[in-house]
Amino acid sequence: MKNTIVKTLIYDKQVRLFFVDNTIIINDILRLNKETNKTLKLTLGKTISVVSLISGTLKGDQRISLHMTMSDPKYKIFADADAKGNVRGYLNGELLKAPYDYINKISLERLIGNKGTIRVIKGSAINQFTGITDMPYRNIVDDISHYFIQSEQTQTYIGANIGFGNDNCVLFSNAIFAQLLPGAKPDLINHVKHTVNTNREFFTNLNKYSKNNIDKKLSELFKDVKVIGYSPVQFFCGCSKEMFFGMLHSLSENELKQAINNKEAIDTACQICGRTYSFSYNEIQGILK
């Protein structure tokens with residue numbers, strides 16, 4: 001059950017409960033970002049983990065984009081996903097270049113600070129909703145739950161757990177999303193929280209269970225469980241060489257001519273996946289025509 005969202009309805013269809021073991025995808029994306037600082041890994045990892053799970057709520061051509069701005073506004077984190085479970089995320093350049101003495105000592109709570117904000121864009125190309133909330137909890141997970149409560153007026157519980165080894169490699173990553181449906185009793189969300197927190201072993205080791213065993217275990221934990229589906233999540237950047245031609249147009253004419261005269265290539269790198277695209281001097285010459 002790796003990288004697969006389990007979608008259920010519980011308590012006689014009053015609560016939707018989604019969860020996922022996304023260890024593989026989180027490890028893949030963190031390796032691409034080439035960041036070794038544990039706080040930054042935790043920040044990006046939790047953000048992507050939650051967004052990967054929320055992708056299970058999307059339909060058709062819908063997607064969700066999440067932009068987090070820290071109290072120092074030059075530091076930002078991005079993540080997005082579509083209804084097919086394609087997920088990506090990255091730290092902005094300023095955060096990656098943050099002074100070592102600062103970033104190596106700072107905690108996640110201090111990095112977010114008391115002025116952090118979350119901006120969410122959700123919907124299809126022709127019908128989008130944008131919402132912005134503060135980050136009062138300073139831990140990403142509860143802050144995203146806060147976003148749903150504030151912007152969609154829906155009681156929501158989100159959990160995300162990431163464990164690191166001595167080499168800062170991800171040992172495990174999982175997330176859970178519970179949301180009350182119309183007409184549900186408000187206190188049900190607290191029952192879900194309690195059950196999840198007292199059965200952490202199960203939700204942390206989902207990859208060890210088959211679908212049948214997961215169904216059986218859920219029936220032991222919650223009332224009136226109905227599994228409504230499974231959906232995959234995977235990393236997908238979507239970049240291409242053609243997308244980076246615009247970057248070449250941003251260079252000055254002198255810079256382009258210098259590369260042509262020296263018969264040098266210009267290399268560009270995707271900030272999301274790290275893939276490098278090289279433009280030969282012949283290709284650069286075509287831009288100046």
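Any value given below was found using the heavy atoms of this structure, including those in side chains, with hydrogens, waters and symmetry copies removed.
- Here the straight-line distance linking atom NZ of K41 with atom CG of L108 works out to 15.5 Å at 0.5 Å rounding.
- Ring pair H191/Y11 is tilted by interplanar angle, where 30° to 60° counts as tilted.
- Atoms CZ and CG, from F236 and N86 in turn, are 6.0 Å apart once rounded to the nearest 0.5 Å.
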Decide yes or no on side-chain contact (heavy atoms from CB on, under 4.5 Å) for T276 and T268, but give the supporting numbers first.
-> CA-CA 6 Å; T276 299; T268 62; over 6 Å; no

Derivation of the side-chain contact (heavy atoms from CB on, under 4.5 Å) call for L17 and F19 | CA-CA 7 Å; L17 176 71; F19 51 91; 4.3 Å; yes

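- For N92 (side chain) and K76 (main-chain N/O), a donor-acceptor pair under 3.5 Å exists by modelled atom type.
- Remark: side-chain polar atoms of Q150 are not paired, donor with acceptor, to backbone N or O of Y147 under 3.5 angstrom.
- Minimum interatomic distance between Y277 and C239 (heavy atoms only, all atoms of both residues): OH-SG, 3.0 Å.
- Between K13 and D224 there is no salt bridge, since none of the side-chain N atoms of the basic residue sits less than 4.0 Å from a carboxylate O of the acidic one.
- Side-chain contact check for I144 versus L66: some heavy-atom pair is nearer than 4.5 Å.
- Contact check on K74 versus D72 returns a salt bridge, with a Lys/Arg side-chain nitrogen under 4.0 Å from an Asp/Glu carboxylate oxygen.
- Between K122 and E152 there is a salt bridge, since at least one side-chain N of the basic residue sits less than 4.0 Å from a carboxylate O of the acidic one.
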Step by step, would you call Q179 with T154 a side-chain hydrogen bond (donor to acceptor under 3.5 Å, both in side chains)?
-> CA-CA 7 Å; Q179 195 168 64; T154 306; 4.8 Å; no

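- Considering all non-hydrogen atoms of both residues, V192 and A178 come closest at CG1-CB, 3.7 Å.
- Under 4.0 Å is where a charged nitrogen must lie from a carboxylate oxygen, and between D143 and R138 no such pair does.
- In terms of heavy atoms, L44 sits closest to G89 at CD1-C, 4.0 Å.
- In terms of heavy-atom proximity, N3 sits nearest to V20 at C-CG2, 4.3 Å.
- Residues T156 and S145 share a closest heavy-atom pair of O-CB, 3.8 Å.
- Distance check: N22 CG to I48 CD1 gives 9.5 Å after rounding to the nearest 0.5 Å.
- With respect to the salt-bridge test (charged N to carboxylate O, under 4.0 angstrom), the residues K208 and E201 do not qualify.
- For the 3.5 Å distance criterion, the side chains of E109 and N139 fail to qualify, holding no donor opposite an acceptor.
- Across V225 and L218, no two heavy atoms sit closer than the pair CG2-O, 3.4 Å.
- Side chains of D21 and T23: a donor-acceptor N/O pair is present below 3.5 angstrom, by distance only.
- Atoms CG and NZ, on N213 and K217 in that order, are 10.5 Å from each other to the nearest 0.5 Å.
- Cation-pi contact between K7 and Y230: absent, since separation from the ring centre below 6.0 Å together with deviation from the ring axis within 45° is not met.
- V170 is listed as a side-chain neighbour of F164, based on a closest heavy-atom distance under 4.5 Å.
- A donor-acceptor distance shorter than 3.5 angstrom exists from the side chain of S71 to the backbone of N114, with no hydrogens or angles considered.
- No single ILVMFWY cluster, assembled from side-chain heavy atoms under 4.5 Å apart, contains both I121 and F148.
- Without hydrogens or angle criteria, K263 side chain to I260 main chain gives no donor-acceptor distance under 3.5 Å.
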